[in-house]
Amino acid sequence: MAGFHFELVAPGKLIFSGQAESVLAPGSEGDFLVLHDHAPVMALLRPGVVDVEDTAGQHSRFFVRGGFADVRAHGLIVLAETAIPTGELDAARLDQEIHDTEEDLADAPDEQKALWQEKLDHLRELKSAMKL
Amino acid sequence: MPSLKDLRNRIASVKSTQKITKAMQMVAVSKLRRAQSAVEAARPYADRMETVLANLAGGMAEGASGPPLLSGTGANSRHLLIVCTGERGLCGAFNTSIVRLARETANALIAEGKTVKLLCIGKKGFDQLRRTHEKMIIDQIDLRSVRTITFATAQPIAKRVVQMFEAGEFDVCTLLYSRFRSVISQIPTAQRLIPPEIGPREENATAYDFELEEGDILVQLLPQAIAFRIYRALLENVASFFGAQMSAMDSATRNAGEMVKRYTLRYNRTRQAIITKELIEIISGAEAL
């Protein structure tokens with residue numbers, strides 16, 4: 001089956017670039033799966049795990065925070081503030097992320113508080129889900 | 001005429017200066033390499049971010065005016081200039097040329113009857129601008145304690161700029177920094193940050209479906225884009241700084257070398273002149289007997 005081009009980029013580097021069979025992304029309104037020929041969509045990602053299945057059927061998983069997914073005719077681009085392979089994720093790192101988000105929440109103007117609060121909840125959820 | 005001892009001291013002091021400049025040059029070379037790779041590493045994200053923004057902005061143009069961060073406040077009377085310079089000197093004209101660009105920009109805006117505010121990143125620019133534009137400087141951000149610039153360095157700055165914008169403190173924000181082209185060429189550049197300069201839209205771009213409200217996504221995306229642009233400017237600036245420092249230190253080392261050569265020649269001539277003079281004195285003394 002035809003794959004599509006997938007790229008995961010963080011400010012410091014290009015983390016993943018290549019053909020993918022499917023990508024499961026944690027959208028802010030719920031997870032969604034991107035396959036070949038997906039309609040153009042722009043979505044906000046909640047902190048969570050992006051699961052990439054490449055054309056050989058291999059899965060790689062990345063923890064993503066502060067991300068946007070941009071699906072276009074020729075592929076999917078995920079812009080993330082932080083992106084790390086799940087293998088490198090540990091409790092300390094996650095705690096740091098939670099701490100950062102708490103600070104962001106404290107700084108955010110009132111009308112955006114809900115958004116940040118939501119992000120914080122997602123992170124805590126993720127932490128308990130990973131039993132760290 | 002300086003005595004032999006004076007000349008010897010002079011040579012020794014120039015030599016030790018040369019050692020220092022040589023060491024600084026070498027440090028700058030290795031730091032430059034690191035800074036350059038950081039600039040390179042930021043490129044993919046920058047390219048993707050530009051396309052996403054261009055597509056979004058292109059999509060917005062047809063209908064509503066979009067959030068103020070994208071389309072501006074509509075006014076053009078109050079300007080904020082973010083001036084990024086180095087924290088240290090000994091880097092040739094690096095800081096001065098950014099400051100000159102900042103002064104020219106600020107003065108041109110003032111001549112047009114606009115209000116200008118300055119936000120200085122880096123100590124050197126602040127020190128120089130304070131002399132002429134002190135009243136306009138609203139703050140100085142010190143990055144001296146920051147060893148390597150990461151995205152997290154730029155975020156608080158961007159947050160502050162966005163907050164000021166939302167509080168209605170300015171209409172247009174411009175970022176001044178030095179773009180790194182090569183070791184010998186760093187170009188002081190002005191980039192408009194708010195409303196952002198946006199490239200042409202991709203040709204076959206289709207209208208997006210938005211999972212959330214379009215505005216909600218932009219509210220999240222735009223501050224990030226601003227933070228990223230500041231981050232990128234800081235990286236370019238660091239690379240430019242070390243590039244400038246490297247070539248400045250290179251020519252300083254060469255100058256010191258020439259100076260040592262000149263003084264050594266003079267030292268030898270003086271020494272020989274003294275010997276000749278002593279011989280003449282001895283010979284003429286012997287003849288007189």
Side-chain angles (χ1 to χ4, degrees), chain A residues 5-17 25-32 34 37-46 65-83 96-97 99-101 103-104 106-112 114-116 118-119, chain B residues 37-56 59-60 148-156 158-160 162-163 166-167 202-225 227-232 234-235:
Chain A
H5 193 66
F6 169 64
E7 282 177 350
L8 176 61
V9 271
K13 71 180 199 224
L14 186 61
I15 291 175
F16 185 99
S17 173
S28 58
E29 307 283 275
D31 289 5
F32 61 93
V34 181
D37 269 346
H38 195 286
V41 157
M42 166 74 75
L44 212 56
L45 299 185
R46 61 173 207 269
R65 189 177 71 93
F68 300 90
D70 177 23
V71 187
R72 273 182 288 159
H74 44 128
L76 163 68
I77 297 174
V78 172
L79 294 174
E81 204 174 298
T82 339
Q96 180 63 41
E97 297 289 343
H99 181 70
D100 287 352
T101 315
E103 280 181 358
D104 281 337
D107 290 345
D110 284 339
E111 68 269 29
Q112 286 180 30
L115 260 169
W116 287 109
E118 216 175 291
K119 284 193 176 184
Chain B
S37 60
V39 172
E40 292 289 324
R43 198 150 290 159
Y45 193 89
D47 295 343
R48 310 304 185 281
M49 186 63 112
E50 295 300 320
T51 18
V52 170
L53 270 184
N55 286 339
L56 268 178
M60 298 293 292
T148 40
I149 289 184
T150 58
F151 191 53
T153 320
Q155 271 171 326
K159 203 181 271 176
R160 203 164 146 201
V162 171
Q163 271 167 6
E166 278 163 359
E202 280 191 343
E203 293 217 339
N204 51 2
T206 25
Y208 278 104
D209 278 344
F210 285 94
E211 213 199 336
L212 278 172
E213 283 293 302
E214 209 162 345
D216 279 351
I217 291 192
L218 281 170
V219 158
Q220 296 273 312
L221 184 66
L222 286 168
Q224 189 137 333
F228 184 73
R229 283 190 172 172
I230 295 177
Y231 168 64
R232 189 132 192 251
L234 292 178
L235 287 181

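So you know, we letter chains A, B, ... as the sequences are listed, proteins then strands, and number each from 1.
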K.L.:
Heavy-atom cut-off 4.5 Å, strictly under: side chain, backbone, both or neither for A:Glu7 against chain B?
P.N.:
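Only the side chain of A:Glu7 comes within 4.5 Å of chain B.
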
K.L.:
Return the set of residues passing side chain to side chain contact (heavy atoms under 4.5 Å, CB included) with B:Ala38 (not counting sequence neighbours), or none when no residue passes.
P.N.:
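Per chain and number, B:Ala38 pairs via side chain to side chain contact (heavy atoms under 4.5 Å, CB included) with B:Leu235.
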
K.L.:
Does any part of the side chain of A:Leu79, heavy atoms only, come nearer than 4.5 Å to the side chain of B:Gln224, both counted from C-beta?
P.N.:
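The answer is no; the side chains never approach within 4.5 Å.
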
K.L.:
Hey, which of A:Leu14, A:Val9, A:Ile77 is the one that makes side chain to side chain contact (heavy atoms under 4.5 Å, CB included) with B:Tyr45?
P.N.:
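Per the side chain to side chain contact (heavy atoms under 4.5 Å, CB included) rule, the option paired with B:Tyr45 is A:Val9, out of A:Leu14, A:Val9, A:Ile77.
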
K.L.:
Among all residues two or more places apart in sequence or in another chain, which pass the side chain to side chain donor-acceptor pair (under 3.5 Å) test with B:Thr148?
P.N.:
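Once residues adjacent in sequence are excluded, B:Thr148 has no partner under the side chain to side chain donor-acceptor pair (under 3.5 Å) criterion.
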
K.L.:
Need one label for A:Ala69: side chain, backbone, both or neither, based on atoms under 4.5 Å from any heavy atom in chain B.
P.N.:
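A:Ala69 has no heavy atom closer than 4.5 Å to chain B.
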
K.L.:
Please classify the contact between B:Gln163 and chain A as side chain, backbone, both or neither, with a heavy-atom cut-off of under 4.5 Å.
P.N.:
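Only the side chain of B:Gln163 comes within 4.5 Å of chain A.
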
